[in-house]
Amino acid sequence: MRQLEKKDFDAVVELRKVDRLAAMELARDLEAQFPDSREARAVYAWTLGGLHEHARAIAQYRRAAELGTTGAIEQALAVNHRKLGNYRESADHLVRAMCLADANDTTRALATNALQLSGDLAFARQVAYTDPTRAPSA
């Protein structure tokens, strides 16, 4: 049985540049063709997010996370929640992404900002704090 390959994702990316609706149809077909593929679900969710279908993208990213979450999936969930104005949910996903091995410094910055927007300034300071020799201040 054939697995989802990078060329499948690249085809969606290239098609999205010229025809977003056709890219969504291709991504939906890939998701249907590979129902047990986290990557196929994430590609479909990414395409939905590009069409500003953020609520539907969140649902698809959650389905992808059921097969095993990654920092990229958690960060994508956070971005889509942020686009809908759900800053607390966005911050929760970003903090979760920071705990995963494939998170990066951008994730920390986004988490700090989402926490500030949600009103949790003390936790935002702690997340932003990176000096391992001193304890963060409240």
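Numbers here are sequence positions counted from 1.
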Query raised in the report: Where do H54 and G49 come nearest, in terms of heavy atoms and distance?
Result: CE1-O, 3.6 Å
**Report entry** Step-by-step side chain to side chain contact (heavy atoms under 4.5 Å, CB included) determination, W46 to R16
**Finding:** CA-CA 11 Å; W46 174 76; R16 186 174 150 179; 2.8 Å; yes
Query raised in the report: What pair of heavy atoms forms the shortest contact from A78 to S90, and how long is it?
Result: O-OG, 3.0 Å
Query raised in the report: What do you reckon, is CG of D105 surrounded by more than 12 foreign heavy atoms closer than 6.0 Å?
Result: no
Report task. Verify the cluster assignment for V43 and L77: are they in a single hydrophobic cluster under the rule of side-chain heavy atoms below 4.5 Å apart? Result -> yes
Report task. Following the transitive rule for hydrophobic clusters with a side-chain heavy-atom cut-off under 4.5 Å over Ile, Leu, Val, Met, Phe, Trp and Tyr, establish whether I73 and V13 coincide in one cluster. Result -> yes
Report task. Would you give the length of the straight line joining atom CD of Q126 to atom OG1 of T112, rounded to the nearest 0.5 angstrom? Result -> 11.0 Å
**Report entry** Side chain N113, main chain L110, donor-acceptor under 3.5 Å
**Finding:** no
Query raised in the report: Hey, any chance F9 and L26 share a hydrophobic cluster, counting ILVMFWY side chains that come within less than 4.5 Å of each other, even indirectly?
Result: yes
Query raised in the report: Are D92 and R96 close enough for a salt bridge, meaning some N to O gap below 4.0 Å?
Result: no
Requested in this report: Decide yes or no for M98 and L94: does some side-chain heavy atom of the first lie under 4.5 Å from some side-chain heavy atom of the second?
Outcome: no
Query raised in the report: Minimum heavy-atom separation for A128 to R108, with atom names?
Result: O-CD, 4.4 Å
Requested in this report: Examine V12 and V18 and state if one hydrophobic cluster contains both, with Ile, Leu, Val, Met, Phe, Trp and Tyr joined whenever side-chain heavy atoms are less than 4.5 Å apart.
Outcome: yes
Query raised in the report: How would you list, by chain and number, every residue that makes a ring-ring contact (aromatic ring centres under 6.0 Å, His included) with Y87, sequence neighbours excluded?
Result: none
Query - Rounded distance [0.5 Å steps], CG in L4 versus CG in D36 - result: 12.0 Å
Query raised in the report: Would a distance-only check, ignoring hydrogens and angles, find a side-chain to backbone donor-acceptor pair under 3.5 Å from R41 to E31?
Result: no
Query raised in the report: Q75 versus Y61: any side-chain heavy-atom pair under 4.5 Å?
Result: no
Requested in this report: Please lay out, stage by stage, how E39 and D8 fare under the test side chain to side chain contact (heavy atoms under 4.5 Å, CB included).
Outcome: CA-CA 10 Å; E39 291 77 16; D8 297 320; over 6 Å; no
Requested in this report: Specify the closest pair of heavy atoms between N80 and A57, including all atoms of both residues, with the distance to one decimal.
Outcome: OD1-CB, 3.7 Å
Report summary line: Rounded to the nearest 0.5 Å, the OG atom of S37 sits from the CD atom of E5 at a distance of 11.0 Å
Requested in this report: Examine L51 and I58 and state if one hydrophobic cluster contains both, with Ile, Leu, Val, Met, Phe, Trp and Tyr joined whenever side-chain heavy atoms are less than 4.5 Å apart.
Outcome: no
**Report entry** Worked check of salt bridge (Lys or Arg N to Asp or Glu O under 4.0 Å) between E14 and K17
**Finding:** CA-CA 5 Å; E14 290 302 317; K17 292 177 183 176; 3.2 Å; yes
Query raised in the report: Which value, rounded to the nearest 0.5 Å, describes the distance between R125 atom CZ and L115 atom CG?
Result: 11.5 Å
Query raised in the report: With side chains defined as the heavy atoms from C-beta onward, is the minimum distance between T47 and R28 less than 4.5 Å?
Result: no
**Report entry** Nearest-0.5 Å distance that lies between atom OG1 in T107 and atom CD in E74
**Finding:** 10.5 Å
**Report entry** Reported NE2-to-CG distance for the pair H93 and N86, which is rounded to 0.5 angstrom
**Finding:** 9.5 Å
